[in-house]
Structure formats: structure tokens, C-alpha cells
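Below is one structure, written out as C-alpha cells, with a few remarks after it.
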Amino acid sequence: MRVLDNIIQNVVKAIEALYSQELPIQQIQIQKTKKEFEGDLTLVVFPLLKVTKKSPEQSAEEMGNWLLGNSNILNSYNVVKGFLNLSIEDKIWLDQFNVWARDENFGKSTSSTGKTFMVEYSSPNTNKPLHLGHLRNNFLGYSVAEILKANGHEVYKTQIINDRGIHICKSMLAWQLFGNNETPESSGMKGDHLIGKYYVAFDKEYKKQIAELVHGGMESKDAEREAEIFKDAQAMLRKWEARDPEVYRLWETMNAWVYSGFERTYTEMGVDFDKLYYESNTYILGKDVVEKGLADNIFYKKEDGSVWCDLSDHKMDDKLLLRADGTSVYMTQDLGTAIERYKDYTNLSGLIYTVGNEQNHHFKVLFTILKKIGYSWAEGCYHLSYGMVDLPTGRMKSREGTVVDADELMKSVIQDAKEMTQERGHLDGLSDSVKDELYKTIGLGGLKYYLLKVDPKKGMQFNPEDSVDLNGNTGPFIQYTYARIQSILRKVETFHKGSETDLLLEPAEKILLKDLSEFPSVIEEAGKSYSPALLANYTYELVKNYNSFYQSLSIIKEEDPNKKAFRIAISYKVGEVIKLSMQLLGVNVPERM
RNA sequence: GGGCCAGUAGCUCAGCUGGAUAGAGCACCUCCCUUCUAAGGAGGCGGUCAAAGGUUCGAAUCCUUUCUGGCUCACCA
């Protein structure tokens with residue numbers, strides 16, 4: 001962005017020289033020149049009229065004239081209404097390009113910020129397999145972590161595994177009742193899917209028992225509490241909390257099945273974690289904090305003995321922190337867990353929770369209470385809230401069996417990629433294992449890109465049948481362009497990464513240089529706003545422009561050796577930027593496809 | 001009922017702190033492979049930016065109201 005800085009400084013000087021006024025740089029508005037107009041950067045002069053006291057056209061004309069005479073990077077200018085369009089010398093662009101070309105880490109932050117972030121994502125329950133919503137969560141969390149690293153931060157990826165509670169006992173109990181000692185080995189099922197099967201089995205039996213009770217004349221609410229199997233599950237939870245050896249052993253065994261299943265899913269997804277927290281270890285945390293808060297009069301106790309936090313000064317309802325019987329709730333645990341994490345990592349600048357937007361309120365309350373207690377680091381806590389993934393038929397509902405399973409979805413996109421690639425790919429001479437890797441790259445790349453290109457905050461629609469889309473704003477489109485570039489580079493064998501600087505640039509070349517110039521600030525912005533979508537959309541724009549360049553100009557067939565060298569060099573650099581950018585999204589790029 | 005978020009082309013989405021004639025992709029219709037990978041490119045069709053007011057040189061963007069949808073306000077996690 002050195003070109004931009006140069007212009008801004010010169011605009012300040014111009015105003016000083018022409019109107020004897022000093023203007024803060026925030027008041028200077030410079031944007032990319034729209035395609036319909038000639039120029040590279042545009043100064044919007046409307047905000048300057050107060051200073052110039054002249055018409056927009058006249059002001060722009062005066063500014064342009066001064067800048068052209070006093071800046072050594074300008075080539076020409078033109079004025080359209082209140083817009084001053086500035087053209088930068090080709091040589092300046094090429095000088096810039098040579099700087100980027102030499103920089104292996106172009107786009108990333110050059111130095112460490114010294115800051116450390118913890119990013120939490122995934123955090124599944126251990127009673128059923130991962131689904132489409134988890135995919136968005138995992139891809140998002142992983143990508144944000146990578147983007148923060150690219151911004152020079154140190155990052156720890158973590159998750160809290162919800163491995164205890166009544167819902168876990170439900171699948172355990174159903175397995176005891178109906179399982180006949182079925183195991184992942186004996187059934188050939190992935191552990192998490194096996195457990196999920198018994199969770200469903202519990203629900204089925206539970207409903208049956210409720211129906212029977214209601215049929216016998218009971219109110220349905222009472223029936224839900226009185227059903228035998230439900231009471232058994234509660235009893236099992238009490239045993240678990242008392243560390244009953246038999247229940248505990250069963251719990252360990254079944255969780256181990258789930259973890260080995262999750263492990264395979266995570267590997268397939270391409271995500272990983274640096275540190276795991278288990279709810280079975282953390283659910284007791286937080287009580288002492290609440291007790292201390294009570295002693296410090298930050299919280300209060302009701303007559304029944306329950307402990308609450310008054311949030312009326314934040315216009316929220318009071319929040320329960322300890323039940324009358326002294327047991328804790330979700331909020332209590334989360335308070336404890338957050339504090340634990342800051343104990344484990346004393347230098348955290350931020351703790352980012354990748355959790356769906358249905359928990360917006362929960363996190364608002366959590367952060368507020370942490371601040372109330374007096375933890376100043378709570379300022380660095382951030383809820384990376386993302387919208388639900390809906391099907392064309394509406395929300396996924398497990399009761400209606402419309403949940404899209406993560407493993408199955410990944411399998412099916414890879415299969416789709418295989419069929420498409422066999423139809424039109426360039427796979428001569430590749431071994432089967434390389435081909436299989438390629439199908440995975442394309443299928444999963446398409447899926448990840450699809451889920452990440454949408455602004456995280458927004459809800460999105462997902463049509464499993466559309467996911468195989470390969471044209472337009474998709475992962476495979478970007479991958480294809482990368483593969484194309486690699487094909488060119490293979491043909492030329494050796495090349496220089498830089499370029500001569502006395503070339504006359506074609507419009508298509510200049511557009512690419514402008515795109516490249518924005519890459520560092522896109523990474524920065526994506527980091528600040530925790531938005532992989534910004535990177536995805538940037539890369540799409542870059543790739544579109546590259547394809548246009550590719551189509552309209554010869555590269556290795558260009559006769560002028562300097563032009564040829566530049567076009568190869570810029571192709572290489574565009575390829576590098578695509579690769580890095582996709583890496584930050586967790587998407588791989590293939591050498592050929 | 002209170003709070004938060006959203007509503008942009010037939011569909012899926014961009015549009016950053018207000019700036020030029022609101023952009024892509026899909027779908028539909030034309031063209032372009034004896035030329036570096038056609039999973040590509042060039043073009044066409046398609047809009048009252050939910051509605052109404054307001055703020056100003058200028059509003060999809062900011063403010064107010066209304067309508068519609070989602071989430072939430074659990075002694076579930």
C-alpha cells in the first residue's frame with residue numbers, strides 16, 4: 001500500500017500549498033477507480049470543498065494539476081464531477097511488483113505482534129456424530145485461527161468437549177438396554193455413529209413410554225418426568241457423579257469410541273487442536289468464583305438459597321449462577337472454564353469462542369459477569385457468532401431426520417469431485433493415490449469454500465444437491481486457476497520472479513497488480529473482523545481477473561522477452577497468493593486438475 | 001411482551017467506516033477450443049436495495065417508525 005500512502009501524503013501537501021490549510025488524513029477519501037473510468041486511484045473531493053471554497057470540478061482540477069506537477073508517481077489525471085481520477089506510472093507499479101515478488105511471505109504480517117489468542121471451535125457433544133452445522137463451525141474456527149497467525153499473532157486452537165451430562169447418559173443407557181454388547185468393531189460402525197444410533201434409540205423408547213403414560217391419563221409434562229427410562233437416565237447421571245465404577249467404566253469405553261470416530265472426521269476435515277478441555281473436568285469449576293463473588297457482594301442470594309447476578313444495569317434479566325441445592329449451571333461452568341484458560345495461558349490477549357448465534361445472549365452475559373467480577377481480560381473475550389446453516393426445507397431437525405451428517409456429506413462431495421474430474425480432468429500419468437488425493441482436495445475444497453465465502457454472521461442456505469457446483473464463485477474454480485498457472489510454470493521450467501520496470505502495462509496486467517497490492521490489507525482486515533469471507537471474496541476477484549488476463553494475452557507465447565518474463569512472473573505471484581489465501585481458509589490447491 | 005440479528009436480481013450471495021450508472025455466480029439466451037488446462041473467456045436478459053419518513057452536496061449504507069423472518073429472554077447444555 002505504499003502507492004496509496006504516497007498519494008495521501010501528497011494530497012495533504014497539495015491542500016497546504018493551494019489553500020494553506022492542514023487536513024487530518026482521515027478526511028482524505030481515496031478509493032479504487034471504478035472500471036468505467038480511466039485511472040487507478042480516485043480522490044473524492046466533496047469532503048474538501050469546505051477547505052477549497054470552490055466548485056467540485058474546479059477543486060479537483062486544481063488538486064490534479066498540483067499533484068501531477070509535484071508527485072513523481074503520477075502519469076495523468078482526469079476529473080469527472082467531484083471525482084479526481086489519478087493514473088499511476090507503470091514503472092511505479094512494476095517497482096512495487098518487484099518488492100512483492102521477492103517476498104516469500106507477501107501478504108502476511110512481517111513481524112510477530114507478541115499477542116496470543118486462543119480460538120475455541122467445534123466443541124461437540126459426545127452423544128452423536130458431527131453434522132453440517134459443525135462443519136461450518138470447524139472450518140470457520142480453523143480458518144480464523146490461521147488468519148490470526150498470518151497477522152503475526154500466536155494462536156492456540158482449542159475445544160471443550162461436552163462429554164458428560166444427562167444426554168450422554170441417555171445413549172449409555174440405551175446401549176445397555178438394547179445394545180447386546182455391540183462395539184464399533186463388531187458392527188463395523190464408526191464409534192460416534194454407533195453412539196448416535198443409541199441416542200436415537202433412547203429417544204424412541206422415551207417417546208413410547210411417554211405415549212403410554214399419556215394414554216393412561218397422565219399430563220404430558222408429568223409423563224416426560226415420570227417415564228421409566230428417563231428416571232433411569234437420571235439415576236445413571238447421579239451414579240456417574242458419584243463415580244460409580246461400573247457406570248464410569250462404561251462412560252470411558254463409549255467416549256473412547258466416540259473420540260476415535262471424531263478423530264477420523266477431524267482428519268478428513270483437515271482441522272486440529274492444540275489443547276483439549278473436557279467438560280467432565282471443568283463442570284465443577286466456577287463454584288468457588290461464585291462463592292467469592294457472593295462474599296464480595298457482586299452476587300446475591302435468594303431466600304431459597306440460589307445465587308444470582310443482578311444485570312439490570314446492563315438491561316438484562318438476572319442470571320442464575322448456583323441452584324438452591326448448590327449445583328452449578330452452564331453459566332457457572334463457563335465462568336470457571338474461562339478463568340481456567342487464563343490460568344493455563346497467562347498471556348492471552350484474546351479468547352475467541354466460535355459458537356452459533358443462538359448463544360449470543362449467553363456470551364453477552366458471560367462476558368458481562370466476568371467484567372463484573374473484575375477480570376479485565378474479559379475485554380478480550382469475543383463471541384465469534386455465526387448463523388445457522390439451513391436446508392432449502394428449513395432448519396435441520398434431528399427429530400425429523402433432516403440432519404445432514406458431516407461424514408456422509410464429505411464423502412459425497414468427494415465422490416462428486418471424482419466423477420466430475422474423471423469427466424474433464426487432466427490426469428494422464430497420475431497414480432491412483434494421487435488421484436484420490438486430488439478428488440479430496442477438490443471435493444472438500446469446494447465444500448469449505450462454499451461454507452466460508454458467506455459472511456459468518458449471516459445465516460445461510462445449503463442445498464446438498466447444489467454443493468457440487470464447480471463454476472463461478474466456488475472452490476474448484478479457484479483451484480482450477482491455480483492448476484492452470486502451475487501448468488504454465490511447468491512448461492517454462494525456469495523463470496525469474498521479478499521483472500524489468502520499463503514495460504508498458506496492458507490494462508489486464510495493471511488490474512492484477514492492483515489486486516495484488518491489496519492482499520496484505522485484506523489479510524489484516526480479515527483478521528480484525530474475524531472474517532474468512534473477506535479473503536474468499538478477494539481471491540475470487542483476483543482469480544476472475546487472472547482468467548481474463550490469461551484469455552486476452554499470451555504468456556509463454558509472447559514474443560517480447562521482457563513482457564513474457566513479466567507475465568510469467570506475475571502468474572507465479574498470483575499463484576502464490578491464491579495458495580496462501582486458500583491455505584488460510586483451510587483449502588488445498590492442486591498442481592493439476 | 002423485552003432484547004439481538006437479518007430482509008439487495010427467479011435462486012445463492014458481495015457491496016468495508018455514506019460517494020460516480022447497485023455488483024458477482026447459478027439459471028436462461030448468443031458467441032469463442034488446429035492457440036499456454038473451455039472446471040475458462042466475451043456479451044445479453046434480469047432490481048422500487050422489504051415499506052414509509054428523516055439527516056445532506058450525495059443513502060442499499062446513518063436515524064425513526066412499520067411489515068416480514070430468525071435467534072433469545074430456562075434452576076437444558
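Naming: A, B, ... by sequence-line order, numbering from 1 per chain.
Distance check on atom C1': rA9(B) versus rC5(B) gives 24 Å, rounded to whole Å. Taking atom P on both rU21(B) and rA59(B), the two are 10 Å apart, rounded to the nearest angstrom. Taking atom P in both rG7(B) and rG46(B), the straight-line distance is 25 Å, to the nearest Å. Comparing rU8(B) with rU68(B), their C1' atoms sit 15 Å apart, to the nearest whole Å. Between rU55(B) and rU64(B), the distance separating the two C1' atoms is 11 Å to the nearest Å. Comparing rG25(B) with rG70(B), their P atoms sit 32 Å apart, to the nearest whole Å.
Counting only heavy atoms from C-beta on, Gln461(A) has its side chain closest to rC13(B) among rA38(B), rC13(B), rA20(B). For Arg490(A), whose side chain is taken as the heavy atoms from C-beta onward, the closest listed nucleotide among rU37(B), rC75(B), rA24(B) is rU37(B). Taking the side chain of Tyr540(A) as heavy atoms from C-beta on, and the options rG25(B), rG41(B), rC13(B), the nearest nucleotide is rG25(B). Listed candidates were rA77(B), rA24(B), rA39(B). Nearest to the side chain of Leu470(A) is rA39(B). Side chain of Val44(A), nearest nucleotide from rU21(B), rG19(B), rC75(B): rG19(B). The side chain of Asn162(A) lies closest to rA77(B), out of rA77(B), rC75(B), rU72(B). Closest approach to the Val329(A) side chain among rC75(B), rC36(B), rU37(B) is made by rC75(B) (side chain taken as heavy atoms from C-beta onward). Out of rA20(B), rU72(B), rC36(B), the shortest distance to the side chain of Glu358(A) is found at rU72(B).
As a whole-Å value, the separation of Phe477(A) CZ from rA24(B) P is 13 Å. Distance, Asn357(A) CG to rU72(B) P: 9 Å, rounded to whole Å. Per the geometry, CE belonging to Met388(A) stands 9 Å off P belonging to rU72(B), to the nearest Å. The distance between atom CD1 of Ile485(A) and atom C1' of rU37(B), rounded to the nearest whole Å, is 12 Å.
Judged purely by distance below 3.5 Å, without hydrogens or angles, the side chains of Thr33(A) and Asp40(A) never pair a donor atom with an acceptor atom. A donor atom on one side chain and an acceptor atom on the other are found under 3.5 Å apart for Gln359(A) and Tyr330(A). Defined by atom type and a distance below 3.5 Å, a donor-acceptor pair is missing between the side-chain atoms of Asn255(A) and Asp163(A).
Side-chain contact check for Phe477(A) versus Asn547(A): some heavy-atom pair is nearer than 4.5 Å.
Base engagement by Met593(A) is indicated by at least one non-hydrogen atom pair under 4.0 Å involving a base atom. Using a 4.0 Å heavy-atom cutoff across all strands shown, Gln479(A) reaches no nucleic acid atom at all. If you check every strand for non-hydrogen atoms under 4.0 Å, Asp455(A) touches sugar and phosphate atoms only. Ile488(A) comes within 4.0 angstrom of sugar-phosphate atoms only, judged by non-hydrogen atoms across all strands, and of no base. Ser554(A) comes within 4.0 angstrom of a nucleotide base, judged by non-hydrogen atoms across all strands. Residue contacts shown for Leu322(A) are absent, as no nucleic acid heavy atom lies under 4.0 Å away. Nucleic acid contact class of Pro47(A) (heavy atoms, under 4.0 Å, all strands): base. Within 4.0 Å (heavy atoms only), Glu525(A) reaches no atom of the nucleic acid at all. If you check every strand for non-hydrogen atoms under 4.0 Å, Leu553(A) touches a base. At the heavy-atom level, Ser548(A) lies under 4.0 Å from the strands shown only through sugar-phosphate atoms. Nucleic acid contact class of Thr327(A) (heavy atoms, under 4.0 Å, all strands): none. Lys315(A) comes within 4.0 angstrom of nothing in the nucleic acid, heavy atoms only. At the heavy-atom level, Glu591(A) lies under 4.0 Å from base atoms of the strands shown. In this structure, Gln31(A) reaches the bases: a heavy-atom distance under 4.0 Å links it to at least one base atom across the strands shown.
At rC5(B), none of the side-chain N or O atoms of Asn360(A) fall inside 4.0 Å of OP1 or OP2 (strictly under the cut-off). Using a 4.0 Å cut-off, no side-chain N or O of Lys557(A) falls inside it from OP1 or OP2 of rU35(B). Put simply, Arg484(A) has a side-chain N or O that comes within less than 4.0 Å of OP1 or OP2 on rA38(B). The shortest distance between the side-chain N/O atoms of Arg395(A) and the OP1/OP2 oxygens of rG69(B) is not below 4.0 Å. Side-chain N/O atoms of Lys544(A) include none lying less than 4.0 angstrom from OP1 or OP2 on rG40(B). For the OP1/OP2 pair of rG25(B) and a distance below 4.0 Å, the side-chain nitrogens and oxygens of Lys453(A) include no atom meeting the criterion. Lys457(A) has no side-chain polar atom (N or O) that falls below the 4.0 Å cut-off from OP1 or OP2 of rC13(B). Contact annotation: Tyr480(A) side-chain N/O to rA39(B) OP1/OP2 distance is under 4.0 Å.
Remark: Glu559(A) CD is loosely packed, at most 12 non-hydrogen atoms of other residues, nucleotides or ligands lying under 6.0 Å away.
Using the six-membered ring where Trp is involved, Tyr353(A) and Phe367(A) have ring planes that are tilted, between 30° and 60° apart.
Between Tyr278(A) and Trp251(A), the distance separating the two ring centers is not shorter than 6.0 angstrom. Between Phe549(A) and Tyr546(A), a ring centre-to-centre spacing shorter than 6.0 Å is recorded.
A donor-acceptor contact under 3.5 Å is not formed by the side chain of His361(A) with the base of rU72(B). Put simply, the side chain of Asn471(A) and the base of rA38(B) share no donor and acceptor less than 3.5 Å apart. Applying the 3.5 Å distance criterion, the base of rC26(B) shares no donor-acceptor pair with the side chain of Asn473(A). Between the side chain of Thr42(A) and the base of rA20(B), at least one donor-acceptor pair of N or O atoms lies under 3.5 Å.
Using Watson-Crick or G-U wobble geometry with both donor-acceptor distances under 3.5 Å, rG69(B) finds its partner in rC5(B). With a cut-off of 3.5 Å on both pairing distances, the Watson-Crick or G-U wobble partner of rU12(B) is rA24(B). With a cut-off of 3.5 Å on both Watson-Crick or G-U wobble distances, the partner of rU37(B) is given as none.
By the 5.5 angstrom centroid cut-off and the 30-degree plane limit, Phe46(A) is classified as not stacked against the base of rG58(B). Between the side-chain ring of Tyr550(A) and the base of rG41(B), no stacking contact exists by the 5.5 Å and 30° definition. Between Phe83(A) and rA20(B), a base-stacking contact is recorded: ring centres under 5.5 Å apart, planes less than 30° from parallel.
Remark on RNA chain B: of its neighbouring residues Ala324(A) and Leu534(A), the 5'-side contact belongs to Leu534(A), judged by nearest-heavy-atom nucleotide. Judged by closest nucleotide on RNA chain B, Lys81(A) is the one of Lys81(A) and Ala483(A) placed further toward the 5' end.
If you run side chain to side chain contact (heavy atoms under 4.5 Å, CB included) between Tyr540(A) and each of Asn545(A), Leu535(A), Asn473(A), only Asn473(A) comes through.
Using a cut-off of 4.0 Å between Lys/Arg side-chain N and Asp/Glu carboxylate O, Lys302(A) and Asp304(A) are scored as not salt-bridged.
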